[in-house]
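Here's the structure we're looking at; comments come further down.
Keep in mind that this is a model prediction, so the values were computed, not measured.
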Amino acid sequence: MFTHLLLKDNIPFGVDCSHYAQRHFLKRFQKDNPGRQWAITYDSIQEDLSRISYVDYDLQQTQLVDELWHKDDFWIFKYDFKIAGKKESTKNSGNRCIVFLDSSKKLIEILIIYSKGDLPKNMGEQQFIESTLKDNFTDYLAKCR
């Protein structure tokens, strides 16, 4: 859940995926979930994120998102998702996106997309997130801290 809520409106956010996420994780998700399974999942992720502050669908007040950092008009948060057609809960799936949100420009960028199985063996999830952001997204991290 967000502790610093966005203003509610029905104007969708633009959603993009970073080159880092595309290079490091998306190909594996596509390979592990062949056919339309991954396409449906990815479309669902983009649709959910674009409607994060909708009046009738307030994603920011659900258990699917966890605010990590917030400052002014910028947020970095974790979004939990499950693969379409799999019989597991969203939380138990272990699939996550780390997302940057700019509320003034109504833009969202998926920075990292991973499964808990992608984490290095010697590193916890929060440590993995912080080190990956520090190494690859210092500008976004600086805006939110």
Side-chain angles (χ1 to χ4, degrees), residues 1-9 11-34 37-54 57-145:
M1 272 192 230
F2 278 22
T3 54
H4 303 90
L5 297 177
L6 294 162
L7 294 176
K8 292 183 182 186
D9 62 27
I11 301 169
F13 278 72
V15 179
D16 196 15
C17 189
S18 72
H19 293 293
Y20 179 85
Q22 291 173 10
R23 281 193 325 264
H24 289 87
F25 304 105
L26 283 181
K27 289 182 182 181
R28 188 193 57 75
F29 275 105
Q30 290 169 330
K31 181 180 159 200
D32 291 351
N33 303 286
Q37 194 174 25
W38 176 249
I40 291 168
T41 301
Y42 190 64
D43 288 346
S44 175
I45 291 168
Q46 288 186 308
E47 184 68 25
D48 276 356
L49 292 175
S50 74
R51 299 180 305 166
I52 192 163
S53 63
Y54 270 33
Y57 180 79
D58 196 1
L59 183 65
Q60 62 186 327
Q61 292 186 329
T62 69
Q63 296 296 320
L64 297 178
V65 296
D66 294 313
E67 180 181 308
L68 300 175
W69 296 283
H70 166 259
K71 183 177 166 188
D72 301 325
D73 290 340
F74 307 108
W75 281 258
I76 292 180
F77 64 94
K78 181 171 37 174
Y79 169 71
D80 301 335
F81 67 93
K82 72 178 203 120
I83 304 296
K86 297 221 174 166
K87 295 182 181 188
E88 60 192 355
S89 74
T90 303
K91 278 285 189 195
N92 290 338
S93 73
N95 299 317
R96 316 273 194 264
C97 294
I98 303 302
V99 179
F100 174 78
L101 182 148
D102 181 337
S103 64
S104 62
K105 294 181 180 176
K106 300 290 275 188
L107 293 174
I108 288 179
E109 184 164 0
I110 298 170
L111 304 177
I112 311 168
I113 186 167
Y114 64 96
S115 174
K116 281 194 167 184
D118 294 326
L119 300 177
K121 300 293 182 221
N122 61 344
M123 195 179 288
E125 186 174 10
Q126 188 65 27
Q127 188 180 7
F128 167 75
I129 293 167
E130 288 187 40
S131 68
T132 303
L133 292 176
K134 192 181 293 184
D135 292 344
N136 300 285
F137 301 102
T138 52
D139 50 337
Y140 291 132
L141 198 54
K143 290 179 180 182
C144 294
R145 284 187 155 177

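- Separating the OH atom in Tyr42 from the CD1 atom in Ile110 is a distance of 4.5 Å, to the nearest 0.5 Å.
- Taking the centre of each ring, Phe137 and Tyr20 come in below the 6.0 Å mark.
- Without hydrogens or angle criteria, Gln37 side chain to Ala84 main chain gives a donor-acceptor distance under 3.5 Å.
- Here CG of Asp73 is found 11.5 Å from CG of Leu107. Values are rounded to the nearest 0.5 Å.
- Using a cut-off of 4.0 Å between Lys/Arg side-chain N and Asp/Glu carboxylate O, Asp102 and Lys143 are scored as not salt-bridged.
- Looking at Asp9 and Ser53, their side chains come closer than 4.5 Å, going by heavy atoms from C-beta outward.
- If you take CG on Leu64 and CD1 on Ile45, they are separated by 11.0 Å, rounding to the nearest 0.5 Å.
- The two residues Asp80 and Gln63 make their nearest non-hydrogen contact at OD2-O, 3.9 Å.
- Looking at every heavy atom in both residues, Leu49 comes nearest to Phe13 through O-CB, 4.3 Å.
- Residue Gln127 comes nearest to Asn122 through the heavy atom pair OE1-O, 4.4 Å, listed as atom of the first residue, atom of the second, then distance.
- The OG1 atom of Thr90 sits 9.0 Å away from the CG atom of Asn95 when rounded to the nearest 0.5 Å.
- Taking the side chain as every heavy atom from C-beta outward, Asn33 and Lys86 approach each other to under 4.5 Å.
- Side-chain atoms of Asp118 come within 3.5 Å of backbone atoms of Ser115 as a donor-acceptor pair (strictly under, hydrogens ignored).
- The main-chain N or O of Ser103 is never found under 3.5 Å from a side-chain atom of Trp75 such that the two would form a donor-acceptor pair.
- Using modelled atom types, one side-chain atom of Ser131 and one backbone atom of Phe128 make a donor-acceptor pair closer than 3.5 Å.
- No donor-acceptor distance shorter than 3.5 angstrom exists from the side chain of Ser50 to the backbone of Gly14, with no hydrogens or angles considered.
- Judged by distance alone, with hydrogens and angles left aside, the side-chain atoms of Ser93 form a donor-acceptor pair with the main-chain N or O of Phe81 at under 3.5 Å.
- Annotation: the span from Tyr114 atom OH to Glu125 atom CD amounts to 3.5 Å, rounded to 0.5 Å.
- Using a 4.5 Å cut-off on side-chain heavy atoms (C-beta onward), Phe77 and Leu59 make no contact.
- Not a single donor-acceptor pair under 3.5 Å links the side chain of Thr41 to the backbone N or O of Ile83.
- Within 6.0 Å of atom NZ in Lys91, more than 12 heavy atoms from other residues, nucleotides or ligands are found, so the atom counts as buried in its surroundings.
- Here the side chain of Glu67 pairs a donor or acceptor atom with the backbone of Thr3 at under 3.5 angstrom.
- Counting heavy atoms from C-beta on, the side chains of Phe100 and Leu133 never come closer than 4.5 Å.
- No donor-acceptor contact under 3.5 angstrom links the side chains of Tyr57 and Glu47, judged on distance only.
- Summarising the geometry of Cys17 relative to Ala21, their closest heavy-atom pair is SG-CB, 3.7 Å, with the distance given to 0.1 Å.
- Rounding to the nearest 0.5 angstrom, the gap separating the CD1 atom in Ile113 from the CG atom in Leu111 is 11.0 Å.
- A heavy-atom distance below 4.5 Å is not found between the side chains of Ile112 and Asn136.
- Comment: Lys82 does not engage Asp48 in a salt bridge, judged by the lack of any side-chain N to carboxylate O separation of less than 4.0 angstrom.
- Contact check for Ile98 versus Leu68: side-chain heavy atoms found under the 4.5 Å cut-off.
- When all heavy atoms are compared, the tightest approach of Lys31 to Pro34 is O-CD, 4.1 Å.
- Closest non-hydrogen pair, Cys144 versus Trp69, comes out as O-CB, 3.6 Å.
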